[in-house]
Amino acid sequence: MSILATAVVLAIAALHVYILVLEMFLWTRPRTRAAFGTTQAFAEETRTLAANQGLYNGFLAAGLVWGAVASDPVGFQAKVFFLVCVAVAGLYGAATAGRRIVFVQTLPAAVGLALVLLAH
């Protein structure tokens, strides 16, 4: 179970690195705009905001990787903390930006958190 929990944590970290890339570097590209449902004009106007948001996704990814590689008790504590952060961010995003975020962000974080807690 511990290997599965770590794999899920690292997969969630990889997802947040991907989101970082989309928001910081590819925000105005057609495929990114389609994924986020934005227009070219909106993407241009919000480029700086999206980059800032992407940076925060990078911090979440870094914390999850740290938790995955750190020894316990720090590793366990970091995984729990950052998975809860991801889940809360997903709930807020689902409430304010789009319901689909709950499936992309909150649900994987909740599964990861359950696996981490079961493995501990």
Side-chain angles (χ1 to χ4, degrees):
M1 184 70 83
S2 177
I3 293 171
L4 178 60
T6 300
V8 169
V9 167
L10 290 173
I12 295 167
L15 171 65
H16 283 274
V17 169
Y18 177 65
I19 295 169
L20 172 149
V21 171
L22 291 177
E23 292 176 339
M24 290 189 81
F25 306 111
L26 305 175
W27 185 246
T28 59
R29 301 272 175 93
R31 291 184 77 185
T32 304
R33 290 193 337 265
F36 286 93
T38 61
T39 64
Q40 179 67 38
F42 180 83
E44 291 294 339
E45 291 173 14
T46 60
R47 175 181 268 175
T48 303
L49 293 172
N52 186 42
Q53 191 170 290
L55 183 62
Y56 283 95
N57 278 290
F59 293 146
L60 291 173
L64 290 168
V65 170
W66 172 40
V69 300
S71 301
D72 285 339
V74 172
F76 172 74
Q77 293 165 343
K79 286 183 277 196
V80 169
F81 175 78
F82 284 98
L83 286 168
V84 169
C85 287
V86 168
V88 170
L91 288 173
Y92 184 79
T96 60
R99 291 186 186 152
R100 146 181 108 115
I101 295 172
V102 79
F103 299 106
V104 173
Q105 195 167 344
T106 305
L107 185 59
V111 169
L113 182 58
L115 291 171
V116 166
L117 292 173
L118 286 172
H120 190 68

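Atom set for the values below is all heavy atoms of this structure, side chains included, hydrogens, waters and symmetry mates excluded. Note that the structure is predicted; figures quoted are calculated from it, not measured.
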Report task. Apply side-chain contact (heavy atoms from CB on, under 4.5 Å) to I101 and Y92, showing your working. Result -> CA-CA 9 Å; I101 295 172; Y92 184 79; over 6 Å; no
Requested in this report: Evaluate side-chain contact (heavy atoms from CB on, under 4.5 Å) for Q77 paired with V80, printing each intermediate quantity in order.
Outcome: CA-CA 5 Å; Q77 293 165 343; V80 169; 5.9 Å; no
Report task. Let me see the working for L115 and T6 under side-chain contact (heavy atoms from CB on, under 4.5 Å), right down to the final yes or no. Result -> CA-CA 9 Å; L115 291 171; T6 300; over 6 Å; no
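A continuous path of hydrophobic side-chain contacts links V9 to L4 [ILVMFWY only; heavy atoms under 4.5 Å]. One hydrophobic cluster holds both L22 and L55 under the rule that ILVMFWY side chains link at heavy-atom gaps under 4.5 Å. Both V88 and L113 sit in one connected hydrophobic cluster of ILVMFWY residues. Membership requires side-chain heavy atoms under 4.5 Å apart, directly or through other members. Residues F59 and V21 fall within the same hydrophobic cluster, defined by Ile, Leu, Val, Met, Phe, Trp and Tyr side chains chained together at heavy-atom separations under 4.5 Å. Residues V17 and V104 do not share a hydrophobic cluster, clusters being chains of Ile/Leu/Val/Met/Phe/Trp/Tyr side chains in contact below 4.5 Å.
Closest of all the heavy-atom pairs between A109 and L83 is CB-O, 3.6 Å.
Side-chain contact between L64 and V86 is present, with heavy atoms from C-beta onward closer than 4.5 Å. The closest side-chain heavy-atom distance from I12 to F82 is not below 4.5 Å. In this structure the side chain of W27 never reaches within 4.5 angstrom of the side chain of R33, judged on heavy atoms. Proximity of L60 to C85: side-chain heavy atoms (C-beta onward) are separated by under 4.5 Å at one or more points. Looking only at side-chain heavy atoms (C-beta outward), L107 and V102 stay at 4.5 Å or farther from each other.
Under the 30°/60° scheme for interplanar angles, the aromatic rings of F76 and H120 are found to lie parallel.
Here the CD atom belonging to E23 is positioned 10.0 Å from the NE2 atom belonging to H16, to the nearest 0.5 angstrom. One distance of note links CD of Q105 with CD1 of I19; it measures 5.5 Å at 0.5 Å rounding. Rounded to the nearest 0.5 angstrom, Q40 CD and E45 CD are separated by 10.5 Å. In this structure, CZ in F25 is found 6.0 Å from CG in L20, a value given to the nearest 0.5 Å.
In this structure, F36 places its CZ atom where more than 12 heavy-atom neighbours from other residues, nucleotides or ligands lie under 6.0 Å away.
When atom types are taken as modelled, the side chain of S2 and the backbone of A119 share no donor-acceptor pair closer than 3.5 angstrom. Judged purely by atom type and a 3.5 angstrom limit, T106 uses its side chain to pair as donor or acceptor with the backbone of L91. Of the possible polar contacts, one joining the N57 side chain to the Q53 backbone as a donor-acceptor pair under 3.5 Å is found. In terms of modelled atom types and a separation under 3.5 Å, the side chain of T39 and the main chain of F42 share a donor-acceptor contact.
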